Amino acid sequence: MYLFTFLTTTHGVAAFLSPPCPNKEINVLDSDYVLELLQENGMISQEQIDEGWSKVAESDGELDILDALKSLGIISDDEVMAMLAQQYGLETVDLSSFSIPEEIIGAMPADTARKYSVVPVMLHDDILTVAMSDPTDMDTIDSLRYVLKRDVDAVIASKEQIRKLLDAHYSGLEGTVDSYVGQLDNDTQLEVVDKSEDDASGEVKKDDKDDAPIIKLVSMIIFNAYQLRSSDIHLEPMEKRFRVRYRIDGALREMDSPPKYLQTNIISRIKIMSKMDISEKRVPQDGRIQIAISGIELDLRVSSIPTTHGESIVMRILDKSSIQLDIPKLGFYTDDQEKIDSIISMPDGIFLVTGPTGSGKTTSLYAFLNTINKPNRKIITVEDPVEYQLSGINQVQVNPLVQMTFANALRAMLRQAPNIIMVGEIRDLETADIAINASLTGHLVFSTLHTNDAPSSVTRLIDMGVKPFLVASSVRAIMAQRLVRRICKNCAEPYTPTPDEIRLLHLDDEYLQSAKLMHGRGCPTCGGTGYKGRMGIYEILMLTEDMQYLIYSKETSSKIRAAARQGGMRTLREDGLRKAAAGITTVSEVLAITVGDED
């Protein structure tokens with residue numbers, strides 16, 4: 001009841017507001033009906049009405065009779081509101097100096113408020129009170145009760161005051177945009193790149209309404225993510241807020257979030273940009289946005305999924321200019337790079353790269369292909385999706401809708417007489433069989449698998465149904481990888497590991513004495529995290545005759561792993577620890593990203 005002090009009525013402080021009597025038959029408001037009520041109440045004469053109609057004629061129909069009477073000073077908004085309120089048993093409110101709390105604004109989506117020309121003014125005992133200019137429009141009240149899934153009461157306010165509040169809280173978002181996500185630089189251009197299927201070159205098209213607040217807000221969310229080197233943008237509807245998070249260097253970081261009432265508008269704008277069906281909110285959807293920021297083209301892979309409090313949106317940012325196509329820049333030490341050079345120089349066989357989603361497998365494969373991309377070699381890839389376009393390489397996009405699966409594309413590729421093939425991922429036995437047969441007939445095949453370490457890839461292929469002797473004779477090498485964060489160079493300082501880190505990582509005195517362990521103190525350059533950028537840690541398994549024999553014998557991955565360790569394979573954790581010892585990453589990062597090695 002404490003909010004009632006904000007409601008100033010024509011009779012003083014408002015009492016509790018009740019809906020109109022349900023037994024009263026209410027017609028749709030029209031000018032003739034209002035004129036009749038004004039005459040019945042002695043508020044206007046027939047001569048004044050005639051004068052009003054003359055004013056309407058002079059305006060060539062731009063004014064209706066009520067507006068004409070108001071312009072002549074015969075009636076006022078306050079008088080009409082008071083009369084209608086008395087007629088229908090409602091209260092009137094003066095919204096001229098009314099400030100609506102944000103939690104009340106959040107109780108009604110912006111599109112609903114503007115569609116019905118109402119503003120919420122009070123919420124008490126789960127009853128939402130809205131201000132409207134037409135007290136006879138009970139269809140609106142019924143619709144609001146249905147849409148909002150709660151009881152709705154009404155008070156009367158002038159149309160002009162309601163319009164101003166709608167503009168202030170639901171349309172005039174320039175201040176909100178500036179407050180929550182800052183300003184784009186004047187020299188910065190963020191534009192949507194419209195590439196139709198018939199126009200492979202693409203055309204940059206600037207939205208005619210790019211200055212609209214919601215369009216500007218979404219553009220700023222994307223631009224800020226790009227500036228902070230984010231790989232993903234997460235827009236997550238919560239019960240009482242709309243959370244925005246960026247994934248920076250593999251870790252999610254929460255940002256300043258827009259108000260909850262902007263949720264629907266922001267999601268709709270993103271769905272329009274990514275060519276999703278904005279009317280469908282019940283099923284997951286996928287889309288794609290191509291934008292240009294100051295001439296730099298970005299691809300955004302957009303995914304939406306319905307949740308309890310609205311649609312959750314994730315946008316993955318693919319920056320073509322940031323991809324590392326040089327093997328040394330991926331984080332290989334000299335000994336590992338020598339192994340990689342020998343593997344990619346082989347004339348045939350399969351080279352598998354393994355790791356979870358987001359571990360940098362595709363980037364590594366692109367770097368390998370770029371290194372061996374020579375004019376005398378034909379390279380074809382089949383990917384889902386084609387993340388980056390590589391000059392001089394034929395890249396094929398998987399499209400299940402037209403039966404362009406990995407297996408079907410791979411069969412067709414072999415008829416193109418390539419020297420080198422890349423299969424984005426071996427997902428099933430059919431694809432695995434074709435890839436293995438290609439490797440046995442003189443092709444060098446690159447592909448990925450989702451396994452935790454290199455030895456597990458062997459058992460994964462066998463579990464798919466591939467014969468062990470085919471695995472042993474076709475696979476030349478397997479590389480597992482993870483991404484660890486680099487220490488920020490601007491705030492790096494010496495670090496002493498905790499007892500728990502020493503125990504869990506089995507750090508001996510020799511390692512502790514020789515290692516140059518560091519960590520980031522946290523500074524504005526790295527956003528206070530102590531990290532900036534990422535690099536790979538690797539586990540490279542070269543198949544020897546001894547390991548081939550173990551595969552023939554269907555031995556477990558643990559035995560294959562033990563044999564690989566005896567043959568000199570360095571595990572992910574060991575590679576991470578030597579990079580921590582060099583002061584490139586931290587021991588805590590290595591501990592978090594790797595599992596313990598088997599003895």
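Note that this is a predicted model, so its numbers are computed, not measured.
Contact between Asp341 and Ser345 at its shortest, heavy atoms only, is O-OG, 2.6 Å. The two atoms that bring Ile426 and Ala435 nearest to each other are CD1-CB, 4.4 Å, heavy atoms only. Annotation for Arg486 and Lys329: closest pair NH2-O, 4.3 Å, computed over non-hydrogen atoms. For Gln481 against Val353, the heavy-atom pair with the smallest separation is OE1-CG1, 3.6 Å. Taking every heavy atom of both residues into account, Tyr538 and Leu330 meet most closely at OH-O, 2.8 Å. The shortest non-hydrogen separation linking Ile434 to Ala407 is CD1-O, 3.6 Å.
Put simply, the side chain of Val302 does not reach to within 4.5 Å of the side chain of Asp286, judged on heavy atoms. Counting only heavy atoms from C-beta outward, the side chains of Pro284 and Pro306 approach each other to under 4.5 Å. Side-chain contact check for Glu383 versus Val396: every heavy-atom pair is 4.5 Å or farther apart. Proximity of Leu543 to Arg476: side-chain heavy atoms (C-beta onward) are nowhere separated by under 4.5 Å. Side-chain contact between Phe242 and Ile266 is present, with at least one heavy-atom pair separated by less than 4.5 Å. Contact annotation: the side chain of Glu501 approaches that of Tyr495 to within less than 4.5 Å [non-hydrogen atoms, C-beta and beyond]. Side-chain contact between Ile502 and Thr498 is absent, with no heavy atoms from C-beta onward closer than 4.5 Å. Inter-residue side-chain proximity for Ser312 and Ser304 is flagged as unmet; no heavy-atom pair is nearer than 4.5 Å.
Residues passing the salt bridge (charged side-chain N to carboxylate O under 4.0 Å, His left out) test with Lys339: none are found, sequence neighbours excluded. Residues satisfying the side-chain contact (heavy atoms from CB on, under 4.5 Å) criterion with Thr586, sequence neighbours excluded, are Ile487, His519, Tyr531, Ser588, Glu589. Listed by chain and number, the residues in a salt bridge (charged side-chain N to carboxylate O under 4.0 Å, His left out) with Asp277 amount to none (sequence neighbours excluded). Residues passing the salt bridge (charged side-chain N to carboxylate O under 4.0 Å, His left out) test with Asp500, sequence neighbours excluded: Arg503. With sequence neighbours excluded, the residues satisfying side-chain hydrogen bond (donor to acceptor under 3.5 Å, both in side chains) with Arg243 are Glu236. Judged as a ring-ring contact (aromatic ring centres under 6.0 Å, His included), and not counting sequence neighbours, Phe406 has no contacts. Considering only residues two or more places apart in sequence or on other chains, Glu254 meets the salt bridge (charged side-chain N to carboxylate O under 4.0 Å, His left out) condition with Arg241.
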**Message:** Please evaluate residues Leu390 and Asn373 with respect to the criterion side-chain contact (heavy atoms from CB on, under 4.5 Å), reporting the C-alpha separation (whole Å), side-chain torsions for both, the decisive distance (0.1 Å), and the verdict.
**Reply:** CA-CA 10 Å; Leu390 302 177; Asn373 183 17; 6.0 Å; no

**Ile584 and Met535: CA distance, side-chain angles, deciding distance, side-chain contact (heavy atoms from CB on, under 4.5 Å) verdict** = CA-CA 9 Å; Ile584 302 174; Met535 66 180 303; 3.0 Å; yes

**Request:** List the steps, then state whether side-chain contact (heavy atoms from CB on, under 4.5 Å) holds for Asn399 with Asp384.
**Result:** CA-CA 8 Å; Asn399 187 356; Asp384 184 21; over 6 Å; no

**Message:** Quick one, Thr529 with Asp249, criterion side-chain contact (heavy atoms from CB on, under 4.5 Å). Give me CA distance, side-chain angles, the key distance, then yes/no.
**Reply:** CA-CA 10 Å; Thr529 63; Asp249 295 333; 5.6 Å; no

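Every pair tested for salt bridge (Lys or Arg N to Asp or Glu O under 4.0 Å) that includes a residue from residues 390-408 fails, sequence neighbours excluded, so the list is empty. Pairs of residues two or more places apart, or lying in two chains, that qualify as salt bridge (Lys or Arg N to Asp or Glu O under 4.0 Å) and include a residue from residues 445-459 are Asp453-Arg561. Every pair passing salt bridge (Lys or Arg N to Asp or Glu O under 4.0 Å) that includes a residue from residues 396-422 is listed here, sequence neighbours excluded: Arg411-Glu430. The salt bridge (Lys or Arg N to Asp or Glu O under 4.0 Å) contacts involving residues 577-588 comprise Asp335-Arg578, Asp336-Arg578, Asp575-Arg578, Asp575-Lys579, where partners must be two or more places apart or lie in separate chains.
With a 6.0 Å radius and a threshold of 12 heavy atoms from other residues, nucleotides or ligands, Met542 has its CE atom above the threshold. Applying the 6.0 Å contact sphere to CD of Glu493 captures more than 12 heavy atoms from other residues, nucleotides or ligands. Residue-environment remark: OH (Tyr552) exceeds the threshold of 12 foreign heavy atoms within 6.0 Å.
The CG atom of Asp232 sits 11.0 Å away from atom CZ of Arg245, with the distance rounded to the nearest 0.5 Å. With values rounded to the nearest 0.5 angstrom, Ser557 atom OG is found 11.0 Å from Ile551 atom CD1. Leu410 contributes atom CG, which lies 9.5 Å from atom OG1 of Thr405 (distance to the nearest 0.5 angstrom). Annotation: the span from Gln263 atom CD to Ile313 atom CD1 amounts to 10.0 Å, rounded to 0.5 Å. A distance of 5.5 Å separates CG of Leu300 from CD1 of Ile289, quoted to the nearest 0.5 Å. Here the CZ atom belonging to Arg269 is positioned 10.0 Å from the OG atom belonging to Ser274, to the nearest 0.5 angstrom.
With 3.5 Å as the limit, one finds no donor-acceptor pair spanning the side chains of Glu425 and Ser447.
With hydrogens and angles ignored, the 3.5 Å screen pairs no side-chain donor or acceptor of Arg253 with any backbone N or O of Arg247. Between the side chain of Gln395 and the backbone N or O of Thr381, no donor-acceptor pair lies under 3.5 Å. With hydrogens and angles ignored, the 3.5 Å screen pairs a side-chain donor or acceptor of Lys361 with a backbone N or O of Pro356. In terms of modelled atom types and a separation under 3.5 Å, the side chain of Ser439 and the main chain of Val445 share no donor-acceptor contact. For the pair Glu539 (side chain) and Leu572 (backbone), a donor-acceptor distance under 3.5 Å is present. Formation of a donor-acceptor pair under 3.5 Å by the Tyr246 side chain with backbone atoms of Arg229 is not found in this model. Judged purely by atom type and a 3.5 angstrom limit, Asp348 has no side-chain atom pairing as donor or acceptor with the backbone of His443.
Test Ile270, Ile272, Ile267 against Ile278 for side-chain contact (heavy atoms from CB on, under 4.5 Å) and you get one pass: Ile272.
Taking the charged nitrogens against the carboxylate oxygens, Glu311 and Lys271 do have a contact shorter than 4.0 Å, which makes a salt bridge.
With ring centers used as reference points, Phe351 lies under 6.0 Å from Phe368.
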Donor-acceptor contacts under 3.5 Å from residues 457-470 side chains, at least two apart:
| residue | atom | partner | partner atom | Å |
| --- | --- | --- | --- | --- |
| Ser457 | OG | Thr451 | OG1 | 3.0 |
| Ser457 | OG | Ala454 | O | 3.4 |
| Thr459 | OG1 | Ser456 | O | 2.9 |

